[in-house]
Amino acid sequence: KNPVSPGRATNNQPVPSMKFTPLFSAALASACGFASSAAHAGAASWDPSWAFSGFGTVGYVQTSTDDGLLAGPGQPSGAGKDGTFGVDSKLGAQVNAKANNVFSGTVQVLSQRNGKGNFKPAVEWAFLKAQVTPGLSLRAGRIGDPLFMVSDFRSIGYSNLWLRTPLDVYNQVAFSHFDGADAIYQDTVGSATLTSQVFFGNTNTVANVSYGLEGLSIGSLAADVGMS
């Protein structure tokens with residue numbers, strides 16, 4: 001009885017620490033330089049604040065057959081005739097802290113069935129952000145992967161139109177975050193909003209008991225245009 005979610009074969013080794021490659025180190029150095037220049041404009045106005053939020057889903061799944069089990073991304077087991085609460089159920093908490101109009105930080109912890117079959121809470125996000133200009137922001141730390149349209153809120157059930165994000169699409173990527181840095185630039189051109197993002201980092205994810213991603217380095221340049 002195998003879950004329908006695919007895995008990628010590597011050895012299931014202990015999670016290593018984040019690797020600082022020369023390119024990643026240069027990106028962090030550049031981010032620090034931009035943030036330092038931005039600090040002269042906005043950091044003088046110290047106005048700290050913070051906000052706490054939470055979200056959760058309780059879902060029960062049962063199917064009419066045991067020939068193929070319905071499982072979420074990276075899960076080692078799924079729902080069959082017996083049914084389970086493990087496919088969709090999750091609980092998350094998030095803290096947003098703001099030092100001033102330039103510097104802020106976000107931490108999100110999520111508990112859901114993972115690649116080892118348990119609900120051990122894990123840190124999904126933990127990053128610092130510098131709003132260098134009204135259109136340019138820099139982030140460094142643990143960041144959610146920006147590979148899909150609803151990547152930033154795919155775990156928040158009431159913010160999506162689906163019962164769960166489409167498995168045919170979201171099961172193609174076994175990881176949901178990476179340790180690294182990114183830069184996001186937004187600008188308005190006529191009635192369109194142009195968003196460009198560059199990111200680079202390293203990720204370690206256990207997709208299930210036998211399969212995982214160990215020390216995968218990722219990097220990309222993406223652009224998105226939205227009409228308003």
Side-chain angles (χ1 to χ4, degrees), residues 18-39 41-42 51 53 55 73-74 92 94-110 122-156 159-162 165-166 169-205 213 215-228:
M18 183 173 65
K19 300 177 181 179
F20 290 91
T21 63
L23 180 59
F24 179 44
S25 300
L28 284 180
S30 299
C32 291
F34 278 119
S36 298
S37 61
S53 59
F55 56 92
Q94 181 171 318
V95 175
N96 297 309
K98 183 178 180 181
N100 47 45
N101 60 350
V102 175
F103 297 107
S104 62
T106 299
V107 175
Q108 183 186 102
V109 177
L110 181 63
V123 177
E124 278 289 300
W125 301 348
F127 61 82
L128 297 176
K129 177 181 178 181
Q131 192 68 43
V132 181
T133 69
L136 176 63
S137 63
L138 305 175
R139 298 185 298 178
R142 175 160 293 184
I143 303 169
D145 69 64
L147 304 179
F148 300 108
M149 182 176 295
V150 298
S151 291
D152 285 345
F153 52 89
R154 64 182 176 186
S155 296
I156 306 176
S159 65
N160 293 296
L161 298 177
W162 313 285
T165 52
V169 176
Y170 286 79
N171 266 10
Q172 296 181 40
V173 179
F175 60 93
S176 59
H177 58 256
F178 65 94
D179 298 328
D182 73 351
I184 302 174
Y185 180 75
Q186 287 186 324
D187 195 11
T188 300
V189 180
S191 59
T193 300
L194 175 65
T195 302
S196 301
Q197 181 175 11
V198 180
F199 64 92
F200 181 82
N202 185 74
T203 186
N204 298 278
T205 298
L213 300 174
L216 174 67
S217 295
I218 58 174
S220 181
L221 169 64
D224 178 63
V225 178
M227 304 298 294
S228 59

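For this chain, numbers begin at 1 and follow the sequence in order.
Residue S159 holds its OG atom at 12.0 Å from CZ of R154, rounded to the nearest 0.5 Å. Rounding to the nearest 0.5 Å gives a distance of 8.5 Å between CD of Q131 and CG of L138. Rounding to the nearest 0.5 Å places CZ of F175 at 5.0 Å from CG of L147. Here OG1 of T133 is found 6.5 Å from OH of Y185. Values are rounded to the nearest 0.5 Å.
For F148, the ring pair (Phe, Tyr, Trp, His ring centres under 6.0 Å) partners at least two apart in sequence or on another chain are Y170. Residues passing the side-chain hydrogen bond (donor to acceptor under 3.5 Å, both in side chains) test with T106, sequence neighbours excluded: N96. Residues satisfying the side-chain hydrogen bond (donor to acceptor under 3.5 Å, both in side chains) test with Q108, not counting sequence neighbours, are Q94. In this view, A126 and V107, V123, R142 satisfy the side-chain contact (heavy atoms from CB on, under 4.5 Å) rule, not counting sequence neighbours. Taking the side-chain contact (heavy atoms from CB on, under 4.5 Å) definition, one finds that L110 meets it with F55, K90, Q112, E124, S155, sequence neighbours left out.
With hydrogens and angles ignored, the 3.5 Å screen pairs no side-chain donor or acceptor of N160 with any backbone N or O of W162. Within the 3.5 Å criterion, the main-chain N or O of D145 finds a donor-acceptor partner in the side chain of S151.
Applying the salt bridge (charged side-chain N to carboxylate O under 4.0 Å, His left out) rule to pairs touching residues 180-202 yields R139-D182, sequence neighbours excluded.
Nearest approach of F178 to G144, heavy atoms of both residues: CE2-O, 4.0 Å.
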Can you list the steps and then say if F103 with L128 is a side-chain contact (heavy atoms from CB on, under 4.5 Å)?
CA-CA 7 Å; F103 297 107; L128 297 176; over 6 Å; no
